[in-house]
Amino acid sequence: MVDGPLGVLAELTHACPLSCSYCSNPLELTKRSEELSTDEWRRVLDEAADLGVLQSHFSGGEPLLRRDLPDLVRHASGLGMYTNLVTSAIGLSRPRAEALRDAGLDHVQVSIQADEPVLSDRLAGISSFDKKIEAARLVKELGWPLTLNVVLHRQNIDRIAAILDWVEELEADRVELANTQYYGWALRNREALLPSREQLRHAEKVTREARERLRGRTDVIYVIPDYYAEYPKPCMGGWGSRQLVVGPEGNAWPCLSAHELPLPRANVREHDLAWIWRDSPLFSEFRGTDWMPDPCRSCDRREVDLGGCRCQAFQLTGDMYRTDPVCVLSPDRGLIDEAVTAANDPAAVPAGGTASEPVLVPMPAVRPHR
Ligand code: SF4
Ligand code: FES
């Protein structure tokens, strides 16, 4: 018998006012007219609660673009779930925030692109820095715990000290400094996003110092980029083992990038969540270790990292059953080393800007929204 998931990530919409070049949305976005209705989402939340889900994360795209967001928060809250809003904060006006508070929203996570408007607005694709700061202040004023999420990459990682100054100024309860994961849009834009080794050394030093300074006030989480690691992470804590993602059109996934894999779909319009989680071929495919080829099959770390990330293996090799190329034991590690060498080449894309000297390199042409 498979244990139920701890959390559900409800991707309410792919629509978003921002156009970040590392977006985790699929390359083919769901149209607004194809999104699940309010009643369908309510049913999904009911089925998630029956499965034992304790946390619902409302995400997107930008979930604030769904007018029924307070209704869905109220419903999840009524089911006894801890509710979290994952937002760019664009659209988090005071009336909207108060409606969400009245609906029982427990937590807000706001994304921050950089520490100053020129770079931040450039990375977000629209003028948004001041609105984000204002919304983060509102979150604290209304008494919510605030998490700031910063996706780190070549263009902003040198600004990490100034970003952490904002974390302190905004009195965030937690900050997630998450190096970009190279799937989907981020993989296509990798050349402009992958930091150099020197940039990472600097960021790690600054983060260590900030962790000391902010101890007892802010949890500082730093997610290392796996391209610079020796072994992969156990992606999502294991395929189909802790989290469940439901996309805007009702497709359920074990992770944010599985939509790219050549596996059968499982849609909440056709099946209930319990069948999808426990019995669907999609969620069963990579559970446990039986599916593994060598070198994972005979490796003593196979229960530790579970062979790494299936999406990364597929996106880099075209074969979702291969060992994650990040692993030093993988026959495909050369694919990672090549990208790392290019990122450390002095002739590589210059690293991103400073407050007085904004990024000179245009972000790549491939952009998810607009
Ligand atoms: Fe993990 Fe497989 Fe590498 Fe072993 S060979 S460390 S199980 S990814
Ligand atoms: Fe899909 Fe890692 S992101 S398994």
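We count ligands from 1, going down the list as the structure has it; atoms in each ligand are counted the same way.
Taking each heavy atom of Arg322 and Thr317 in turn, the nearest pair found is CD-OG1, 3.5 Å.
Checked for salt-bridge contact, Glu40 and Arg43 miss the test: no charged N lies under 4.0 Å from a carboxylate O. A salt bridge links Lys205 and Glu209; the closest N-O separation between the charged side-chain nitrogens and carboxylate oxygens is under 4.0 Å.
Counting heavy-atom neighbours within 6.0 Å of Arg265 CZ, excluding the residue itself, gives a total above 12. Atom CD of Glu141 sits in a crowded spot, with more than 12 heavy atoms from other residues, nucleotides or ligands closer than 6.0 Å. Heavy-atom neighbours of Glu168 CD from other residues, nucleotides or ligands within 6.0 Å: above the threshold of 12.
In this view, Arg333 and Asp337 satisfy the salt bridge (charged side-chain N to carboxylate O under 4.0 Å, His left out) rule, not counting sequence neighbours.
Looking only at side-chain heavy atoms (C-beta outward), His153 and Leu194 stay at 4.5 Å or farther from each other.
Listed by chain and number, the protein atoms of type N/O/S under 2.8 Å from atom 2 (Fe) of ligand 2 are Cys235 SG, Cys309 SG; waters are omitted. Ordered by chain and number, Cys296 SG make up the set of protein N, O or S atoms under 2.8 Å of atom 2 (Fe) of ligand 1.
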Without placing hydrogens or testing angles, list every side-chain donor-acceptor pair under 3.5 Å for residues 96-105, not counting sequence neighbours.
unit_1 : atom_1 : unit_2 : atom_2 : d
Arg96  : NH1    : Leu64  : O      : 2.6
Arg96  : NH2    : Arg66  : O      : 2.9

